[in-house]
Every structure is written in C-alpha cells, then in structure tokens.
Protein chains: 2
Amino acid sequence: MTRILVVDDEPQILRALRINLRARRYDVEVAADGASALRVAAAQQPDLVVLDLGLPDMDGVDVIRGLRGWTPVPIIVLSGRVGSGDKVAALDAGADDYVTKPFGVDELLARIRAVTRRVVHSDNSPPTVRMGQFTVDFANHVVEADDGNELRLTPTEWHLLGILARNPGKLVSQRQLLHDVWGPQYERESHYLRQYMAQLRRKLEADPARPQHLLTEPGMGYRFRP
Amino acid sequence: MTRILVVDDEPQILRALRINLRARRYDVEVAADGASALRVAAAQQPDLVVLDLGLPDMDGVDVIRGLRGWTPVPIIVLSGRVGSGDKVAALDAGADDYVTKPFGVDELLARIRAVTRRVVHSDNSPPTVRMGQFTVDFANHVVEADDGNELRLTPTEWHLLGILARNPGKLVSQRQLLHDVWGPQYERESHYLRQYMAQLRRKLEADPARPQHLLTEPGMGYRFRP
DNA sequence: GGCCCGCGTCAGGAACGCGTCAAGGAACCC
DNA sequence: GGGTTCCTTGACGCGTTCCTGACGCGGGCC
C-alpha cells in the first residue's frame with residue numbers, strides 16, 4: 001500500500017485530504033508543522049509527501065531541503081502563493097510538483113497518481129532500516145549517514161546486525177546469536193557478543209553508553225529497536 | 001545534452017520556447033501537430049516532450065497515449081483548458097505534469113528541471129556507464145576516454161566489469177563473481193578476483209591505489225560506484 | 001556489607017584478506 | 001615459427017579484522 005505523508009497546518013484541509021486519500025486506499029500519515037513533518041518522514045518512510053508551503057514553524061522550501069538531504073521521496077507542494085518565484089524555488093529545491101490553492105481534489109489525486117506511477121516503476125525499494133542518523137541497507141550492504149557519508153561494517157558486524165534487524169523489537173537470545181554468527185560450538189562465548197555489540201554501538205549509536213536501538217536484556221539477549 | 005521536443009501549433013509560442021530553451025543549453029526539436037509530433041519523437045528520441053493539448057489534427061490525450069505506447073519519455077502538457085477533467089484525463093493518460101496557459105517561462109523551466117531530474121535519477125541500467133574520464137559502452141564493448149582514445153579490455157575484464165556495472169552501488173559477493181565469471185568450481189579462487197580487479201583499476205581508475213568506482217568491501221566482495 | 005555473576009571497555013597478538021610484483025604457460029595472429 | 005596477448009599461478013608485505021585476556025562497574029543474592 002502506498003503511504004502518503006500530508007503536511008498542512010490547517011485542520012480542515014488535513015481532514016479533507018485524509019478522508020479522500022484513505023477512501024482511495026492510501027495509507028495516510030499527517031503532520032501539522034515542518035519539524036514534525038521531518039520527524040514523521042524519517043520514522044514512517046512515506047512513498048509520497050504532500051506538503052503545504054505555509055507552515056507555522058519553518059519555511060516550506062527548507063522542509064523540502066531537509067527531506068532531500070536523505071530521501072528521494074516524491075514531494076507535491078500545495079501553496080496559496082501563485083508567484084512564479086515561489087514555484088521555481090520549491091521545484092528547484094527538489095519538489096516534484098506544485099499545485100496552487102484552491103485546488104480540486106480530483107486534480108491532486110491525478111497528480112499523485114502521475115508522480116507515484118513514475119517512481120514506482122523506477123525505484124526498487126530495498127529493505128532498509130533507520131537507526132538514528134543512519135540508514136542501513138541490508139540488500140546492498142550500505143550504511144549511509146544523513147550527511148551522505150558512508151560507514152563501513154565488517155562481515156561479522158553485518159551478520160550480527162542483520163539477525164537483530166530482521167527481528168525488530170523482538171528479543172534474540174545470546175545462544176541464538178552466537179549459534180547463527182559463530183556456529184554451534186560457540187554458544188557460550190558470550191564474550192564475543194559483548195565485544196561486537198560494543199563495536200556496533202560505537203559505530204551506529206549517537207551515545208554508545210546509552211543505546212537507543214541496540215538494547216541489552218541482561219541475562220537474556222539483545223533487542224533491536226527501530 | 002538534454003533533447004526536448006516542443007509540440008505546439010501556435011508559431012509564436014513555438015518560437016518563444018525554442019529561443020528560451022536553446023538559451024538554457026537544451027537541444028530543441030519542434031512539431032506543429034500531433035502526427036508530426038509522434039513521427040519526430042520516434043526519430044529523435046527526445047528526453048522530454050512539451051505538448052500543447054490544443055492541436056489541429058489530433059486530440060492531445062491521444063498524442064500522449066501514442067507516445068506512451070512505446071516510450072516512458074517524460075511529458076509536460078501545456079493547455080489553455082483549466083477544467084479539472086482535462087487535467088485528470090491528461091495525467092492519467094501518462095502525462096507527468098500539466099501547466100495551464102498563460103504560463104511563466106520560469107515556471108515551465110523549473111518544471112522541466114524537476115521532471116528531468118527525477119528521470120535521470122531513476123534511469124535504470126543504461127548500456128553505457130561513466131567512470132571518471134571514461135565512458136564504458138557494454139553493448140558495443142568499447143571504452144572511450146574523454147580525449148577520444150580507446151581503451152582495450154580483455155574478455156575476462158569485460159565479463160567482470162559487466163557484472164559489477166549491472167549492479168551499481170550494490171555489493172556483489174566474491175562467490176557470485178567467481179561463479180559467474182570462472183564457474184562454480186572456482187568459487188574460492190579469490191586470488192583471481194584480486195588479480196583482475198587490480199587490472200581493471202590500473203586501466204580505469206585515475207589513482208588505482210585509491211579507487212573511486214571499483215570498491216573493495218573486505219571480506220565480502222566488490223562494489224561498483226558510478 | 002561482602003560476594004559473585006553478567007556486562008561493558010580496553011589493549012595486545014595472531015590470523016586472515018587484500019594489493020602488488022613477477023613469471024610460466026596456453027591460445028591466437030601474422 | 002616467432003611474437004603478442006591473455007590466463008593462470010606463486011610469493012611477499014601490509015593493513016585490517018578477529019580472537020583472547022584483563023579490568024572496572026553495577027545489581028542481585030546470601
């Protein structure tokens with residue numbers, strides 16, 4: 001199902017779009033200001049963003065730039081401003097389309113179809129996981145920071161992180177981790193786990209001493225929280 | 001250079017667009033009716049079509065369908081009709097954007113940039129790949145430097161580079177490379193890989209010791225970065 | 001309060017993988 | 001048959017990764 005993030009500070013527009021989009025079988029997330037738009041986009045990984053330029057806290061163009069810093073997600077801009085300068089600025093910042101208010105819902109839906117049609121055909125969505133400022137792509141074995149830098153993991157680190165990430169939110173026992181990564185005869189070498197979990201935290205956690213994603217369950221195992 | 005086909009039956013609009021687009025370093029082809037538009041598109045293979053819906057010989061939506069029958073080329077529609085039904089029909093027929101007359105040239109140029117930007121990003125597996133100062137053409141098995149000189153690759157080098165280039169950005173395991181190039185019984189002869197990757201880097205990388213495109217992932221495999 | 005266990009951290013040495021140079025041998029062209 | 005190109009194979013230095021041991025800390029238990 002296509003997930004759409006709608007960003008608008010006017011409750012009635014938000015409500016109208018949500019109802020209309022849900023009726024068309026879209027999965028709808030909403031945000032009422034720029035900061036939460038960026039936060040929800042990072043957490044929910046929408047397939048499309050419908051963005052009102054007139055937000056209370058940020059300039060809409062800055063929201064576009066904030067998104068474009070790390071994601072190619074299609075962006076359709078809604079705006080009451082009809083000036084050509086606004087359109088050019090938004091489109092050149094990375095927006096895919098620009099619709100001026102008042103707009104017809106039919107037209108917006110058609111533009112949503114036009115944009116998603118092109119992206120779906122071209123983009124093969126890899127199974128990717130967000131961890132703080134990092135995007136971990138297990139299919140391509142790439143860890144990319146939001147600033148564009150790449151982070152390198154060793155084969156053992158990939159193996160360990162992969163098992164945890166494939167069980168998001170679930171507790172994975174030490175025995176199972178040791179068995180899967182090192183082999184059956186290493187099931188009591190919990191030292192290995194401590195060693196490599198520390199390495200992963202150093203590389204991926206903002207504060208390795210207070211991990212937000214790679215959690216320890218004392219006496220039991222480890223847990224990955226997305 | 002980006003080639004744009006402009007389709008319009010009004011000579012002054014055609015003229016204005018041609019001048020403006022040429023000034024922006026676009027390669028411009030023109031057509032004054034639907035039939036010639038389809039003919040020129042087939043002959044010239046434009047990277048973008050700007051299409052006026054009000055043509056003398058055909059309905060504009062049929063021109064869109066005629067193009068979409070065989071090419072995914074981006075289409076930006078110009079139209080004097082502001083009705084929502086026309087927009088929806090054109091977009092659902094396969095148009096990427098819809099601009100109502102009168103329009104600002106700046107806005108149209110920004111929309112052209114927005115559409116071409118996305119298509120270039122999404123272009124999948126071209127038969128030719130850029131690597132530093134070289135252009136690698138896999139269809140014809142030719143490597144040409146920017147200064148016009150040609151570079152020769154051996155069959156094994158073509159085979160190896162081809163597999164990597166068909167998976168841009170993706171990590172390809174040593175096993176898979178060895179299996180595909182040398183055969184199943186060579187999956188552990190990683191020495192071959194080191195040997196041939198070094199040869200490819202000597203030929204294609206500006207600084208073979210610091211490769212920019214043919215990257216090693218220690219313990220895992222190799223990766224081609226365009 | 002003292003003890004023990006589990007966890008996190010640091011530091012060293014061993015082992016492995018990678019890049020490079022070099023040379024022998026096979027296939028092909030003239 | 002001579003020469004060239006290409007593939008295969010060997011040996012070596014170096015950096016990284018992995019393994020291993022030691023230590024400090026905190027919580028639970030007696």
Side-chain angles (χ1 to χ4, degrees), chain A residues 141 143 150-162 164 171-224, chain B residues 141 143 150-162 164 171-224:
Chain A
H141 285 103
V143 181
E150 287 190 4
L151 189 63
R152 303 201 42 251
L153 299 182
T154 73
T156 310
E157 290 163 358
W158 275 112
H159 202 165
L160 184 57
L161 181 61
L164 290 169
L171 171 67
V172 186
S173 72
Q174 303 196 12
R175 282 183 60 117
Q176 187 179 341
L177 289 171
L178 287 163
H179 179 277
D180 288 355
V181 176
W182 283 272
Q185 63 270 39
Y186 289 82
E187 287 182 359
R188 293 157 191 251
E189 303 288 338
S190 58
H191 191 174
Y192 291 10
L193 280 181
R194 294 202 289 280
Q195 180 70 279
Y196 279 92
M197 290 301 299
Q199 287 188 32
L200 284 173
R201 283 173 179 152
R202 268 200 294 276
K203 291 186 177 181
L204 294 167
E205 293 278 5
D207 181 359
R210 293 185 179 71
Q212 297 300 305
H213 303 94
L214 299 169
L215 310 181
T216 303
E217 301 286 338
M220 316 267 305
Y222 293 87
R223 183 194 307 277
F224 171 73
Chain B
H141 281 201
V143 181
E150 285 193 5
L151 190 63
R152 289 181 49 81
L153 298 183
T154 74
T156 309
E157 288 165 358
W158 275 113
H159 202 167
L160 184 56
L161 182 61
L164 290 169
L171 172 67
V172 186
S173 72
Q174 306 195 15
R175 282 183 59 119
Q176 187 180 339
L177 289 170
L178 288 163
H179 180 277
D180 289 356
V181 176
W182 283 274
Q185 63 270 37
Y186 289 82
E187 285 183 1
R188 297 168 184 229
E189 303 288 337
S190 58
H191 192 170
Y192 288 12
L193 280 181
R194 295 204 290 279
Q195 182 67 275
Y196 278 91
M197 290 302 298
Q199 288 187 32
L200 284 172
R201 283 173 181 152
R202 269 199 293 275
K203 292 185 177 181
L204 293 168
E205 292 278 3
D207 182 359
R210 298 169 202 283
Q212 297 300 304
H213 304 94
L214 299 170
L215 311 181
T216 302
E217 300 287 336
M220 311 201 57
Y222 292 87
R223 183 196 309 278
F224 171 72

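All values below come from the heavy atoms of this structure, side chains included, with hydrogens, waters and symmetry mates left out. First the proteins, then the strands, lettered A, B, ... as listed; each starts at 1.
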Exercise for review: Could you pull out all residues at least two apart from A/His179 that satisfy side-chain contact (heavy atoms from CB on, under 4.5 Å)?
Suggested key: A/Pro184, A/Glu187
Exercise for review: Please identify each residue that fulfils side-chain contact (heavy atoms from CB on, under 4.5 Å) with A/His159, with sequence neighbours left out.
Suggested key: A/Ile163, A/Val181
Revision key, fill the gap. Nearest heavy-atom contact between A/Pro155 and B/Pro218 is CG-O, 3.6 Å
Exercise for review: Have a look at A/Ser190 and say if it touches a base, only the backbone sugar-phosphate, or nothing, with a 4.0 Å heavy-atom cut-off.
Suggested key: nothing
Exercise for review: I would like to know whether B/Tyr192 and B/Leu160 meet side-chain contact (heavy atoms from CB on, under 4.5 Å); could you show each step before the answer?
Suggested key: CA-CA 11 Å; B/Tyr192 288 12; B/Leu160 184 56; over 6 Å; no
Check your understanding: What's the spacing between B/Trp182 CH2 and B/Leu177 CG if we round to 0.5 Å?
Key -> 8.0 Å
Revision key, fill the gap. Closest heavy-atom pair, B/Leu164 versus B/Tyr222, reported as atoms and distance to 0.1 Å, is CD2-O, 3.9 Å
Review point. When the distance from CZ of B/Arg202 to P of D/dT5 is rounded to whole Å, what number comes out?
Key: 15 Å
**Study point:** A/Arg201 (side chain) donor-acceptor with A/Ala209 (main chain) under 3.5 angstrom
**Key:** no
Check your understanding: Of A/Gln174 and B/Pro208, whose nearest nucleotide on DNA chain C comes first from the 5' end?
Key -> A/Gln174
**Study point:** Bending between helix ends of the helix from C/dG1-D/dC30 to C/dC30-D/dG1 [5 pairs per end, 10° resolution]
**Key:** 30°
Review point. Contact boundaries of DNA chain C with chain B (under 4.0 Å, heavy atoms), 5' to 3'?
Key: C/dG17 to C/dA22
Check your understanding: What's the shortest heavy-atom distance between B/Leu171 and A/His141, and which atoms?
Key -> CD2-ND1, 3.4 Å
**Study point:** Qualifying side-chain hydrogen bond (donor to acceptor under 3.5 Å, both in side chains) pairs with a residue from residues 202-215 of chain A, counting only residues at least two apart or across chains
**Key:** A/Glu157-A/Lys203, A/Asp207-A/Arg210
Review point. In B/S/- notation, 5' to 3', how is nucleotides 8-20 of chain D contacted by protein heavy atoms closer than 4.0 Å?
Key: BBBB-----SSBB
Check your understanding: What is the minimum heavy-atom distance between B/Leu215 and B/Pro211, and which atoms define it?
Key -> CD2-O, 3.3 Å
